[in-house]
Amino acid sequence: MIKHHPSNELLAKFSEGNLPATLSVAVAIHVEMCPVCQKELAALEAKNADNVFTESANDMDDMFDKTLFDAITADESIDEVYEQEQVSVDVKDKTYTLPRALTRIGHSNFMQIGKLARSRIDLDDGPLRASLLHIDAGGEIPEHTHTGFELTLLLDGEFSDEDGHYVPGDFMMLDGRHNHTPKTIEGCLCFTVVSSALHFNKGISKLLNPIGNLIY
């Protein structure tokens, strides 16, 4: 059962189209996987529609001839909707089906670093970088904090850290106030968004700080 969701503020901005591209994709993926947030988003969109059409109707009374407006709204033509084919990725010996929000967005080949593999998502979003992150069974990321923020959305598999156990659909936003050590027994695939590099905290893992940008 999904226990971690986008904040109300993120959902509201998503419904208004006011999120950066990478965060918008993350919320879209979560909503696709989460019935609770599907209902929340539907309510927000209905409210937005009421506000927009109420304002538009008032403005149009002043700006347009009613006969012209009636002619425009009487057009019953519709756009054709095409079914999007599923897209899969292969990592090591596993195949993962990507969420619908990622089917038309390209990504790089996976770069392997030990039990971690990362593929950059082809989104130009300023300082924000989105990736697919795979952790092999039995793998972990050494304890770290964040010099910016880190969004992790679990797509498949499972992982745990000091704060709990996560299942597909869980949506976690962390920043410099958080330290954690993600580890997985079965392996997992995540969609991640970061605004800056990770910072490793303990022992020999501190040697990884110069390549923190490469890991995420």
Side-chain angles (χ1 to χ4, degrees), residues 1-52 84 86-87 89 96-105 107 118-135 141 144-184 188-198 215-216:
M1 179 179 177
I2 297 172
K3 296 181 179 178
H4 303 273
H5 307 270
S7 66
N8 292 336
E9 180 183 6
L10 276 179
L11 274 179
K13 288 184 177 180
F14 176 76
S15 73
E16 298 163 356
N18 289 329
L19 283 181
T22 48
L23 293 181
S24 184
V25 169
V27 175
I29 294 170
H30 173 81
V31 169
E32 180 181 340
M33 302 174 75
C34 178
V36 172
C37 287
Q38 288 171 18
K39 292 180 181 179
E40 292 286 343
L41 181 62
L44 286 168
E45 290 176 338
K47 182 179 179 181
N48 293 341
D50 285 343
N51 291 339
V52 167
Q84 182 64 35
Q86 291 184 328
V87 173
V89 294
Y96 298 94
T97 299
L98 294 181
R100 185 172 54 204
L102 291 175
T103 54
R104 294 196 177 191
I105 303 174
H107 60 90
R118 190 219 65 208
S119 168
R120 287 269 191 249
I121 301 296
D122 294 338
L123 285 172
D124 184 3
D125 201 13
L128 303 185
R129 292 201 306 270
S131 303
L132 293 173
L133 179 72
H134 183 264
I135 309 177
I141 300 176
H144 62 275
T145 186
H146 312 89
T147 55
F149 76 80
E150 172 195 48
L151 183 158
T152 302
L153 171 58
L154 183 55
L155 303 181
D156 196 289
E158 56 74 36
F159 76 87
S160 301
D161 64 11
E162 292 82 348
D163 293 323
H165 186 78
Y166 306 99
V167 300
D170 274 333
F171 184 107
M172 290 74 69
M173 289 283 286
L174 303 176
D175 57 26
R177 297 169 296 177
H178 304 92
N179 294 284
H180 70 149
T181 312
K183 58 184 68 176
T184 175
C188 63
L189 181 70
C190 301
F191 178 82
T192 68
V193 178
V194 295
S195 60
S196 187
L198 306 184
I215 293 176
Y216 264 50

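Worth saying up front: this structure is predicted, and the values here are computed from it rather than measured.
The salt bridge (charged side-chain N to carboxylate O under 4.0 Å, His left out) search around Lys39 returns none, not counting sequence neighbours. A search for side chain to side chain donor-acceptor pair (under 3.5 Å) contacts involving Ser15 returns Asn48, not counting sequence neighbours. Residues that satisfy the side chain to side chain donor-acceptor pair (under 3.5 Å) test with Glu16, not counting sequence neighbours, are Asn18. Residues satisfying the side chain to side chain donor-acceptor pair (under 3.5 Å) test with Asp156, not counting sequence neighbours, are none. Residues meeting the side chain to side chain donor-acceptor pair (under 3.5 Å) test with Glu158, sequence neighbours left out: Thr184.
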Could you give me the CA-CA distance, side-chain angles and deciding distance for Val25 and Ile105, then say whether side-chain contact (heavy atoms from CB on, under 4.5 Å) is met?
-> CA-CA 10 Å; Val25 169; Ile105 303 174; 3.9 Å; yes

Yes or no on side-chain contact (heavy atoms from CB on, under 4.5 Å) for Leu189 and Ile135, after CA distance, side-chain angles and deciding distance?
-> CA-CA 7 Å; Leu189 181 70; Ile135 309 177; over 6 Å; no

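Separation of atoms CG (Leu174) and CG (Leu151) is listed at 8.5 Å; rounding is to 0.5 Å. Taken to the nearest 0.5 Å, the CD1 atom of Ile121 stands 13.5 Å off from the CG atom of Leu128. Note that CZ of Phe191 and CZ of Phe171 are 9.5 Å apart. Values are rounded to the nearest 0.5 Å.
Thr22 and Asp125 share a side-chain donor-acceptor pair at under 3.5 Å. For the residue pair Thr181/Glu162, the side-chain donor-acceptor check at 3.5 Å is satisfied.
Residues Leu19 and Val27 form a side-chain contact, since some pair of their non-hydrogen atoms from C-beta on lies under 4.5 Å apart. Looking at Asp170 and Lys3, their side chains come closer than 4.5 Å, going by heavy atoms from C-beta outward. Proximity of Arg120 to His107: side-chain heavy atoms (C-beta onward) are nowhere separated by under 4.5 Å. Contact annotation: the side chain of Phe149 approaches that of Val193 to within less than 4.5 Å [non-hydrogen atoms, C-beta and beyond]. Contact annotation: the side chain of Ile29 approaches that of Leu155 to within less than 4.5 Å [non-hydrogen atoms, C-beta and beyond]. With contacts defined as side-chain heavy-atom distances shorter than 4.5 Å, the pair Ile141/Leu133 qualifies. Taking the side chain as every heavy atom from C-beta outward, Val87 and Thr97 never approach each other to under 4.5 Å. With a 4.5 Å cut-off on side-chain heavy atoms, Cys190 and Phe159 count as touching.
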Sequence neighbours excluded and cut-off under 3.5 Å, please list the side-chain donor-acceptor pairs for residues 5-14, or say none.
{"residue": "His5", "atom": "ND1", "partner": "His30", "partner atom": "NE2", "Å": "3.3"}
{"residue": "Ser7", "atom": "OG", "partner": "Leu10", "partner atom": "N", "Å": "3.1"}
{"residue": "Glu9", "atom": "OE2", "partner": "Lys13", "partner atom": "NZ", "Å": "3.3"}

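Between Leu153 and Ala26, the shortest heavy-atom contact is CD2-O, 3.4 Å. Listed here is the closest heavy atom pair of Glu32 and Arg100: OE1-N, 3.1 Å. Scanning both residues, Met33 and Gly169, for their nearest heavy atoms gives CE-N, 3.4 Å. The two residues Val31 and Cys37 come nearest to each other via the heavy atoms CG2-CB, 4.3 Å.
The 12-atom threshold is not exceeded at CG of Asp124, counting heavy atoms of other residues, nucleotides or ligands nearer than 6.0 Å.
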